[in-house]
J.: 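The following block contains the structure, expressed as structure tokens.
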Amino acid sequence: MEPVKKSAEELLKEANKLYGEKKYGEAVALFKSAAEENNAEALYMLGICYNYNYVDDEPDKDKRAVIASVYFQKAADLGHADAQCFSGLCYLHGIGVEKDENKAVELLKKSAGQNCAAAMNNLGLLCDRGIGADDPEKAEEEGFNWFKKSAESGDPTGQLYTGIAYYEGSGVKRDFEKAVKMYSLAAQQGLAEALFRLGECYDDGEGVDENSIEAFKLYKLAAQRNHAKAQCYVGYCYEYGTGVSRDLGEAIKWYTVSANNNYFQAYCNLGCCYEEGRGVKKDMKTAIELYKKGAELGSLDAMFNLGNVYAFGKGVKVNNELAVEYYARAAQSGHKEAQYNLAQHLSEGVGIEKDEEAAAFWFLQAAKKGDADAQYRIGWCYIQGIGVEEDDEKAFEWFSKAASQGDGDSQYTLGYCYEEGIGVEVDLDEAKDWYGRAAAQGHSKAKKALKRFR
């Protein structure tokens, strides 16, 4: 008597049990048997197994991708929502198939039509990139609606993306309180990124009352879920006693964990600890190695710190050419202190050929970002016509900005401008006031200037 042939459903049940027990080889064999009966779930699971390399019969990654995409497409053709989503992603990224954004959107919309939250989230992300929107002029709004629909289904990723949209005002009116509400819903489901972003809201007092203790708790919860940036933030909180008692040992521990997860700023912060001997023995060689790793990963602070290392000979011989190289890398990405230091090197011709126009350009970039020293220097560039056309009014404007930040030299110079009518009408009361502010900071020239008003 022949054994009774098991149905596809029975085979699938056994296969899923084995899959749950991580007995992937046995599971795949049963999935294949069920797939022969055109079982959509079995076809989908075979796609998953080949996609995530839970198979023994195909060591080549590219070939596995092709096989996975075939199984996903077969299951998708049978109406399997998750398979439609995966198949759409294969077409979107050209994994195992030729890249085809239109086909990707078509499949994702079919999947979303069956309430697949992952498909909705991906459609939202695509709309944000201007892909697949029904109305290109309202792509961001359409993207937000996909995120919101996913969120309403209870999906934590959809809740997170909806929160981000509210926070950034993308496709919807900016609303920090609604952002916090959505982050909270996702955080309650343990989503690390939501915990981190909610922590930032408490840290900055956006949508909630500022609360550094609550922020730290949320950062730590995210960090414990292996969120690299949160791990760095936890280290920072311990280093400076923000929301938690200061503990340099814990700071080093969390910076190290974050760095091991390749978060660029953790390398920089850890490097600073080694440079200054905070929580660890001072070790400039290790600091430089950490700065270099951070710089390679894109840390602008690490690039700036390396510029200072070579400009001032910290643990190495002075090398102004290399200092300029690091300052330039950070400056070009918007680091204001690096912009100022680069401008100084260009102004003096140190480590690079002297170039007054380029120096004025970088002083101006740093000044626009609020650097008081740069505001003072660009003021002098305008008043003397160095690298820019002479313009007393612009000079006065920049001296004013720096002086309002408490820069003593700028306060003195602003007093002089009011006394002599440079870029502004003469106003001796204002002159005396600004000289007084500079003198209060010990500015010797300001003290002498005040004698003229006795």
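Below, all heavy atoms of this structure are taken into account, side chains as well, without hydrogens, waters or symmetry copies.
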J.: Please work out which of the three classes, parallel, tilted or perpendicular, describes the rings of F196 and H227, given edges at 30° and 60°.
T.: parallel
J.: Could you check whether K32 pairs with E36 (Lys NZ or Arg NE/NH1/NH2 to Asp/Glu carboxylate O, under 4.0 Å)?
T.: no
J.: Do the ring centers of Y238 and F216 come within less than 6.0 Å of each other?
T.: yes
J.: Would you say the side chain of Q114 lies within less than 4.5 Å of the side chain of H80, judging by non-hydrogen atoms?
T.: no
J.: Restricting to side chain to side chain contact (heavy atoms under 4.5 Å, CB included), what partner residues turn up for A117, sequence neighbours left out?
T.: S150, S153, D155
J.: Quick one: does any side-chain atom of R197 pair with a main-chain N or O of Y183 as donor and acceptor, under 3.5 Å?
T.: no
J.: Give the C-alpha distance, both sets of side-chain angles, the deciding distance and a yes or no for side chain to side chain contact (heavy atoms under 4.5 Å, CB included) between E275 and M284.
T.: CA-CA 5 Å; E275 180 177 348; M284 202 62 217; 3.5 Å; yes
J.: I'd like to know if the side chain of R64 and the backbone of P59 have a donor-acceptor N/O pair within less than 3.5 Å.
T.: yes
J.: Let me see the working for D301 and Q265 under side chain to side chain donor-acceptor pair (under 3.5 Å), right down to the final yes or no.
T.: CA-CA 8 Å; D301 287 336; Q265 193 60 36; 3.2 Å; yes
J.: Would you call E289 and K293 a salt bridge, taking side-chain N to carboxylate O under 4.0 Å as the test?
T.: no
J.: Considering residues, nucleotides and ligands other than Q189, do more than 12 of their heavy atoms fall under 6.0 Å from its CD?
T.: yes
J.: Treating N39 as the side-chain partner and A35 as the backbone partner, does any N or O pair qualify as donor plus acceptor under 3.5 Å?
T.: no
J.: With a 4.5 Å heavy-atom cut-off, do I213 and V244 have their side chains touching?
T.: no
J.: Starting from the C-alpha separation in whole Å, work towards a yes-or-no answer on side chain to side chain donor-acceptor pair (under 3.5 Å) for Y91 and N102.
T.: CA-CA 9 Å; Y91 278 106; N102 292 329; over 6 Å; no
J.: With rounding to the nearest 0.5 Å, note down the distance linking CD in E152 to OG1 in T162.
T.: 8.0 Å
J.: Using 4.0 Å as the upper bound for N to carboxylate O, is an ion pair formed by K6 and E14?
T.: yes
J.: Please evaluate residues Y161 and L125 with respect to the criterion side chain to side chain contact (heavy atoms under 4.5 Å, CB included), reporting the C-alpha separation (whole Å), side-chain torsions for both, the decisive distance (0.1 Å), and the verdict.
T.: CA-CA 9 Å; Y161 286 146; L125 293 171; 3.8 Å; yes
J.: Inspect the surroundings of NZ in K109 and state if more than 12 heavy atoms from other residues, nucleotides or ligands are less than 6.0 Å away.
T.: yes
J.: Does V316 reach the side chain of I288, with side-chain heavy atoms less than 4.5 Å apart?
T.: yes
J.: Do S258 side-chain atoms and A228 backbone N/O form a donor-acceptor pair below 3.5 Å?
T.: yes
J.: Please tell me whether H443 and Q411 have a donor and an acceptor in their side chains that are separated by less than 3.5 angstrom.
T.: no
J.: Within the distance-only criterion (no hydrogens, no angle test), does the side chain of S170 pair as donor or acceptor with the backbone N or O of Y166 below 3.5 angstrom?
T.: no
J.: Can the ring centroids of Y326 and F304 be said to lie less than 6.0 angstrom from one another?
T.: no
J.: In terms of heavy-atom contacts, does NZ of K220 have more than 12 from other residues, nucleotides or ligands at under 6.0 Å?
T.: yes
J.: May I ask you to test the V55-N53 pair for a side-chain heavy-atom distance under 4.5 Å?
T.: yes
J.: Donor-acceptor check, side chain of Q231 to backbone of W254, threshold 3.5 angstrom: yes or no?
T.: no
J.: Measuring from atom CG of L18 to atom OH of Y24, what distance do you get when rounded to the nearest 0.5 angstrom?
T.: 11.5 Å
J.: Show every donor-acceptor pair shorter than 3.5 Å between a side-chain atom in residues 200-207 and any protein atom, with sequence neighbours excluded, or say none if there are none.
T.:
unit_1: E200; atom_1: OE2; unit_2: Y233; atom_2: OH; d: 3.4
unit_1: D203; atom_1: OD2; unit_2: Y219; atom_2: OH; d: 2.8
unit_1: E206; atom_1: OE1; unit_2: Y167; atom_2: OH; d: 2.4

J.: For the residue pair K401 and W398, would you count it as a cation-pi contact if the rule is NZ or CZ under 6.0 angstrom from the ring centre and within 45 degrees of the ring axis?
T.: yes
J.: Test your reading of the model: is there a side-chain donor-acceptor pair from S347 to the backbone of A343, 3.5 Å cut-off?
T.: no
J.: With rounding to the nearest 0.5 angstrom, report the CG to CE distance, D82 to M45.
T.: 10.0 Å
J.: What class does the angle between the rings of W380 and Y376 fall in, given that below 30° is parallel, 30 to 60° is tilted and above 60° is perpendicular?
T.: perpendicular
J.: Measure from the side-chain N and O atoms of E348 to the backbone N and O of V350, and report whether any donor-acceptor pair falls under 3.5 Å.
T.: no
J.: Looking just at side-chain N and O atoms, do D77 and Q73 make a donor-acceptor pair shorter than 3.5 Å?
T.: yes
J.: To the nearest 0.5 Å, what is the distance between NZ (K336) and CG (N341)?
T.: 12.5 Å
J.: Measure the SG-CG distance between C85 and L92 for me, rounded to the nearest 0.5 Å.
T.: 10.0 Å
J.: Check this for me, if you would: do K17 and E21 make a salt bridge, where the nitrogen-to-carboxylate-oxygen distance has to be below 4.0 angstrom?
T.: yes
J.: Does the R246 side chain pair with the main chain of E239, one donor and one acceptor, at a distance under 3.5 Å?
T.: yes
J.: Is any side-chain heavy atom of E321 closer than 4.5 Å to a side-chain heavy atom of I352?
T.: no
J.: Would you check, one step at a time, whether the test ring pair (Phe, Tyr, Trp, His ring centres under 6.0 Å) holds for Y340 with F363?
T.: CA-CA 6 Å; Y340 176 76; F363 280 136; 5.6 Å; yes
J.: With distance as the sole test, does E142 use its side chain to make a donor-acceptor pair with the main-chain N or O of D134 at under 3.5 Å?
T.: yes
J.: Are any non-hydrogen side-chain atoms of N269 and C232 less than 4.5 angstrom apart?
T.: yes
J.: Measuring from atom NZ of K138 to atom CG of N145, what distance do you get when rounded to the nearest 0.5 angstrom?
T.: 10.5 Å
J.: I'd like to know whether Q332 forms a side chain to side chain contact (heavy atoms under 4.5 Å, CB included) with W362, so could you lay out the CA-CA distance, the side-chain angles of the two residues, the decisive distance to 0.1 Å, and finally the verdict.
T.: CA-CA 9 Å; Q332 286 160 3; W362 286 113; 4.2 Å; yes
J.: Centres of the Y44 and Y71 rings: under 6.0 Å?
T.: no
